[in-house]
Amino acid sequence: MTLTRTVCPYCGVGCGVLAGADGTIKGDPDHPANFGRLCSKGAALGETIDLDGRLLHPKIGGTQADWETALDLVARKFSEAIAEYGPDSVAIYASGQILTEDYYVANKMMKGFIGAANIDTNSRLCMASSVAGHKRAFGTDTVSGTYEDLEEADLIVLVGSNLAWCHPVLHQRIAAAKEARPDMRIINIDPRRTATTDLADVHLQIRPDGDVALFNGLLAYLAEAGKVDTAYSENHVNGLDAALAAAQVCDPADSGLNAQELAEFYSLWANTPKVVTAYSQGVNQSVCGTDKVNAILNCHLATGRIGKRGTGPFSLTGQPNAMGGREVGGLANMLANHLELGNAAHRDAVRHFWESPTICTRPGLKAVDMFQACADGRIKALWVISTNPAVSLPDADGVAAAIANVPFVVASDIMEQTDTNDLADVLLPATGWGEKDGTVTNSERRVSRQRAFLPAPGSARPDWKIISDVAARMGFAEAFAFQSPAEVFAEYVALDAATSQFPRDLDLSIFADADYAKLIPTQWPHNGARFFADGQFYHPDGKAQMFPVKAPAQITSRFTLNTGRNRDQWHTMMRTGKSPRLGAHLAEPYVEIHPADAATLGAEPGALIAVQNTYGRTVLRALITPRVAKGQLFAPIHWTRQRSSAGTINSVVAPITDPFSGQPASKFGAVSAEVFKAKWYGFIASNREPKPLTPYAAVARTQTGWQAELAGSKVPDDWEAEARRLSGHFGGDVSFQSDPATGSIRIAIVQGGLITALFFAASTPVVLSRTASIGLIGSNTSPLAALAGRSASDQSDPGATVCACFNVGRNTLLAAVTGGASTVAALGEVTCAGTNCGSCKPELAALLEQTPQRMAAE
Ligand SMILES: Nc1nc2c(c(=O)[nH]1)N[C@H]1C(S)=C(S)[C@@H](COP(=O)(O)OP(=O)(O)OC[C@H]3O[C@@H](n4cnc5c(=O)[nH]c(N)nc54)[C@H](O)[C@@H]3O)O[C@H]1N2
Ligand SMILES: Nc1nc2c(c(=O)[nH]1)N[C@H]1C(S)=C(S)[C@@H](COP(=O)(O)OP(=O)(O)OC[C@H]3O[C@@H](n4cnc5c(=O)[nH]c(N)nc54)[C@H](O)[C@@H]3O)O[C@H]1N2
Ligand code: SF4
Ligand SMILES: [Mo]
């Protein structure tokens, strides 16, 4: 079997993958991002390339159509809207998950040929504050850090980053570096404890949005302790005095940390020259996201700790091509190739190069405003490409209504059913990872090739081709006559060369003569390049700018909501949701709540909590844990309306944005919380996909089909009918058991001698081995034995999955601990857990810490 050299389609670490058409997936030992490692999501890629649920042909109004008809219709509707209402009446909402070539073509069409800048992407929800902060400080959006800097630092400060779950291979590289150099210090700044905290020497459990106060305090401390590099700041930095003055009037106690925590952190940072401050969404997704970025950059600029090995600020990108999108300029307030929309000379040069009839002259609508314009009727035609805004934007229910309000909506996706596709007039099938060719750029500016190793399914086409074909039909055939992604890439590189008279960081000359087919992972401007090494920045005078920032006003609410990611799921689960192994890690939309808050609300373990505000309402399983602080709730972002009845967390996230970047404040909002008083709780294992039909429902893939956790607010009159309705099994024989004493109901549905569905209900959360019931689906076990909850092979229940690679459950691990395994390595030897991708190692360590012996001793 020949394996194709490509890169992982998930996070911004950008790991190299060797992939085969039979589903073989290996880490690429030669890729400089991962040197052969993969995390649980990367390792399970082979399970997600089947065609189940794929959109295989264009659809118009739900009916299959041919490409000609669909493309003609899209082009006509867009052209008509532009003719009647002007270029600002159409919009594209795209994604950091399309390839650089797709992105370049979409941006060119919108800005140069339609002549408006209404193209924004989900990177607005992700990287916009970093972009804005970098531009203010450096004059360009330059990420100067490299992965080696993280390995070489003596101190790594992780701010608002759950690296262990969100950039797992980078986390493993840091863990390995720390093992080799135990003196290395890691500080984790996060309002809650996470798997990342377990690697850290110190957890600073900051108040939400306390970051500006914390880093302003650090700047003031650096000045007082004589740690400002005066020579550096005189020669290379403007604005020190103003930034310092703002910092000095800021009270570091507003960070929520005590005097000792502050003193220790400040002293360690001040006295460790080799420091990297790496940050992610806990910084970006905030009302003061841009200010947080500048507060961090200020400290690095004041000390000259930037542009040198093992030092610097490091904005970790989330999506596989978030960085590529920034490079091509695919946001509503950028032009192309790091050129400025507001600069007439830049605009003229780009227009000249594109030979375009027009060029946009002012910024377009940023994501949240774009959907507001959809709601109030300004947008007449909308094209959504490779993103699921009806789930991932704040005020998700309002956004869904806004999309429904647009007269003509197109969605390009690889999957047929998404919450956004359900609202579209036209669906265009895109080729996905493994089927398409192009380039992506990772967090350290390394451009890698994604290569196809599978044929295009059905009549799916690559995004760059679909966009070019629509542009051609709108009258721009000559400028969009691309025949391959290589041609698009060549034009993108040529645009860079044609505009080299404008000094900026982006320099793609290394790719000028590159052989696209054989392109090896390459950092721009050249491998091993170090930005700012000479102290030169990109403001006109060559200096960096320190920015005065002040701490935001506090939110006063009994409960606030923080949101983020799970280890084994990717965003709206369109791909990872296909893998039973990945689904087994955390199979329900949950809310982390502090034990004291749970007690006040009267929430027992397994209870459901209704979290709501004026925007909407969700119902989530209570995960009672001291990992979150009192008054703070945390919930994952992954559940959609396809997989849950009330688990879409953005239903309760307000559309409040950072004033400079337009990035939504997805991590900190006011909500109320109360126990959802269910009349009954249930569980289904089935060979058919259950629909989320009860007030609480969470659907997930299993090894034998599907499962659903349920709760209802009205006890059904006819349990058999309810079991059939919820499992979708209307045929077959039913075995029914009920226990009036406990109110529990057990139903098995058998077809052709095989168990097709098992349904359990009770007046309290159902306690039974899910794994055992799931294992019985499709077996010929007698219904009576099945309803007794015994597993098909009479094996013990492995428990909830901890290690997704080897499917090792919590009970198996606890048994190994009882049997004497006392270290992560020993657990690996006994059970294999953690010995493949290593993503579960923090959880193994936590499990060891919680062994009964230790708990008793505490
Ligand atoms: N498994 C998995 N990995 C992913 C993704 C995924 O969906 N699943 N998505 C990818 C993408 S697109 C992105 S953008 C990245 C995101 O990667 P991360 O930013 O690391 O992930 P999040 O879970 O969104 O948030 C990180 C942390 O910010 C903390 N936080 C909240 N508020 C504050 C605050 O005010 N201050 C500070 N200091 N911290 C705060 C949260 O408690 C949370 O632990 O992950 C990428 N990797
Ligand atoms: N509350 C809250 N909300 C958040 C966040 C948060 O932390 N909290 N994080 C935000 C962030 S950082 C991000 S990045 C967003 C992510 O949010 P989204 O971008 O909405 O999430 P995805 O599920 O990744 O959507 C990608 C879609 O593209 C499709 N797709 C995959 N490959 C291709 C392809 O090659 N071509 C095409 N045309 N389609 C394809 C998939 O099937 C899927 O439907 O969510 C944001 N929303
Ligand atoms: S860390 Fe995991 S998800 Fe991220 S690129 Fe690597 S294998 Fe993919
Ligand atoms: Mo993201």
Side-chain angles (χ1 to χ4, degrees), residues 7-17 25 27 31 33-34 37-45 53-55 93-99 102 121-128 163 166-173 280-282 284-285 316-320 322 367 384-394 396 411-421 428-436 438 442-443 450 460-463 466-467 561-565 569-577 635-638 640 648-653 663-667 669 837 839:
V7 276
C8 175
Y10 298 122
C11 84
V13 177
C15 296
V17 172
I25 297 289
H31 197 290
N34 56 321
R37 295 180 177 94
L38 290 178
C39 76
S40 50
K41 292 183 302 302
L45 270 168
R54 284 292 295 271
L55 175 64
Y93 185 61
S95 165
Q97 293 173 68
I98 52 175
L99 308 179
D102 306 324
T121 78
N122 60 4
S123 287
R124 182 69 60 197
L125 320 178
C126 185
M127 305 315 305
L163 202 75
C166 297
H167 297 91
V169 165
L170 206 47
H171 178 262
Q172 289 175 30
R173 282 180 65 165
S280 188
Q281 299 314 342
N284 292 336
Q285 289 173 340
L316 299 162
T317 53
Q319 300 179 89
V384 177
I385 304 174
S386 193
T387 175
N388 197 352
V391 181
S392 54
L393 270 171
S412 299
D413 207 286
I414 58 168
M415 300 303 287
E416 174 148 14
Q417 274 215 306
T418 76
D419 288 354
T420 302
N421 286 5
L428 300 176
T431 45
W433 182 80
E435 303 151 2
K436 64 194 283 184
N442 72 4
S443 282
Q450 263 198 23
R461 293 180 181 176
D463 288 298
I466 301 173
I467 299 161
L561 178 67
N562 175 6
T563 60
R565 289 152 172 83
Q569 293 299 349
W570 179 261
H571 301 157
T572 69
M573 297 201 282
M574 283 306 139
R575 214 190 310 255
T576 45
I637 60 172
H638 307 293
T640 62
T648 301
I649 202 63
N650 275 308
S651 298
V652 292
V653 176
Q663 179 155 357
S666 325
K667 295 263 183 277
C837 79
S839 302

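In listed order, ligands and their atoms are each counted from 1. For the numbers below, each heavy atom of this structure counts, side chains included, while hydrogens, waters and symmetry mates do not. No experiment lies behind these values; they were computed from the predicted model shown.
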> Would you give the length of the straight line joining atom OG of Ser392 to atom NE2 of His638, rounded to the nearest 0.5 angstrom?
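That separation rounds to 12.0 Å.
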
> Between the side chain of Ser386 and the main-chain N/O of Ser95, is any donor-acceptor distance below 3.5 Å?
no

> side-chain contact (heavy atoms from CB on, under 4.5 Å), that's the test. Do Lys41 and Cys11 meet it? Break it down for me.
CA-CA 9 Å; Lys41 292 183 302 302; Cys11 84; 5.6 Å; no

> Listing by chain and number, which protein N, O or S atoms are under 2.8 Å from atom 2 (Fe) of ligand 3?
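Hits for atom 2 (Fe) of ligand 3 below 2.8 Å: Cys39 SG.
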
> Any chance you could measure Leu55, atom CG, to Ser412, atom OG, to the nearest 0.5 Å?
9.0 Å

> Do the side chain of Arg173 and the main chain of Ala33 share a donor and acceptor less than 3.5 angstrom apart?
yes

> Would you please determine whether Asp463 falls within less than 4.0 Å of ligand 2 on a heavy-atom basis?
yes

> Heavy atoms only: which of Cys166, Ser386, Gly434 lies closest to atom 30 (N) of ligand 2?
Ser386

> Quick one: does Val7's side chain get under 4.5 Å of Pro320's, heavy atoms only?
no

> Check step by step if side-chain contact (heavy atoms from CB on, under 4.5 Å) holds for Arg575 and Trp570.
CA-CA 7 Å; Arg575 214 190 310 255; Trp570 179 261; 5.9 Å; no

> Using the side chain to side chain donor-acceptor pair (under 3.5 Å) rule, pick out the option among Asp419, Thr572, Asp413, Asn421 that qualifies with Asn388.
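When Asp419, Thr572, Asp413, Asn421 are each tested with Asn388, the side chain to side chain donor-acceptor pair (under 3.5 Å) holds only for Thr572.
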
> Can you list the ligand 2 atoms lying under 4.0 Å from a non-hydrogen atom of Lys667?
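Under 4.0 Å from Lys667, ligand 2 has these atoms: 7 (O).
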
> Record the part of Ile637 in heavy-atom contact with ligand 2 below 4.0 Å; permitted values are side chain, backbone, both and neither.
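Just the side chain.
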
> Please report which non-hydrogen protein atom sits nearest to atom 42 (O) of ligand 2, along with the residue it belongs to and the distance in Å to one decimal place.
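Heavy-atom neighbour on the protein nearest atom 42 (O) of ligand 2: Asp413 OD1, 2.6 Å.
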
> List every atom of ligand 2 that sits less than 4.0 Å from any heavy atom of Gln285, numbering the atoms from 1 in the order shown and giving each element.
5 (C), 6 (C), 7 (O), 9 (N), 10 (C), 12 (S)

> Give the atom numbers and elements of ligand 2 that come within less than 4.0 Å of a heavy atom of Thr563.
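Here the atoms of ligand 2 in question are 1 (N), 2 (C), 6 (C), 8 (N).
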
> Looking only at distances, can you tell me whether any N or O atom of Gln97, backbone or side chain, sits closer than 3.5 Å to an N or O atom of ligand 2?
yes

> Which atoms from ligand 3 have a heavy atom of Gly14 less than 4.0 Å away?
5 (S)

> Taking non-hydrogen atoms only, is Asn388 closer than 4.0 angstrom to ligand 2 via side chain, backbone, both or neither?
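Asn388 to ligand 2: contacts from backbone and side chain alike.
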
> Determine the minimum heavy-atom distance between Ala390 and Ala396, stating which atoms define it.
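Ala390 and Ala396 have their closest heavy atoms at O-CB, 3.3 Å.
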
> Can you name the atoms of ligand 2, numbered from 1 with element, that are less than 4.0 Å from a heavy atom of Met415?
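The atoms of ligand 2 under 4.0 Å from a heavy atom of Met415 are 42 (O).
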
> Does the N or O separation between Gln319 and ligand 2 drop below 3.5 Å for any pair?
no

> When you measure from the side chain of Gln663 to the backbone of Ala128, do you find a donor-acceptor pair of N or O atoms at a distance under 3.5 Å?
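The answer is yes, because a donor-acceptor pair under 3.5 Å joins these two groups.
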
> If you measure from atom 18 (P) of ligand 2 to every heavy atom of Asp419, Asn421, Thr387, which option wins on shortest distance?
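Shortest heavy-atom distance from atom 18 (P) of ligand 2: Thr387.
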
> Number the atoms of ligand 2 from 1 as they appear, then name those within less than 4.0 Å of a heavy atom of Ser666, with their elements.
1 (N), 2 (C), 8 (N)

> With atom 9 (N) of ligand 2 as the reference point, say which of Arg565, Lys436, His638 has the nearest heavy atom.
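That would be Arg565.
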
> Can you name the atoms of ligand 2, numbered from 1 with element, that are less than 4.0 Å from a heavy atom of Arg575?
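Heavy-atom distances to Arg575 below 4.0 Å select 31 (C), 32 (N).
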
> What atoms of ligand 2 come closer than 4.0 angstrom to any heavy atom of Ser412?
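Close to Ser412: 37 (C), 38 (N), 39 (N).
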
> How would you list, by chain and number, every residue that makes a salt bridge (Lys or Arg N to Asp or Glu O under 4.0 Å) with Arg54, sequence neighbours excluded?
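With neighbours one apart ignored, the set is Glu435.
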
> Does Gln281 reach the main-chain N or O of Cys126 with its side chain, forming a donor-acceptor pair under 3.5 Å?
yes

> Select one of side chain, backbone, both or neither to describe which atoms of Ala430 lie under 4.0 Å from any atom of ligand 2, heavy atoms only.
side chain

> For Thr431, state whether at least one heavy atom is located under 4.0 Å from any atom of ligand 2.
yes

> Using the rule given for side-chain contact (heavy atoms from CB on, under 4.5 Å), can you reason through Met127 versus Gln319, listing the C-alpha separation, both sets of side-chain angles and the distance that settles it, and then say yes or no?
CA-CA 9 Å; Met127 305 315 305; Gln319 300 179 89; over 6 Å; no

> Heavy-atom contact check, 4.0 Å cutoff: does Met127 meet ligand 2?
no

> Would you sort out whether Leu125 and Ser666 count as a side-chain contact (heavy atoms from CB on, under 4.5 Å), showing the intermediate values?
CA-CA 8 Å; Leu125 320 178; Ser666 325; 5.7 Å; no

> Which ligand 2 atoms are under 4.0 Å away from a heavy-atom of Trp570?
24 (O)

> Taking Tyr93 as the fixed residue, which of Ile385, Leu393, Thr420 is the one that meets the side chain to side chain contact (heavy atoms under 4.5 Å, CB included) rule?
Leu393

> Give the single entry among Met573, Gln663, His571 that approaches atom 21 (O) of ligand 2 most closely by any heavy atom.
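Going through Met573, Gln663, His571 one by one, His571 has the nearest heavy atom to atom 21 (O) of ligand 2.
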
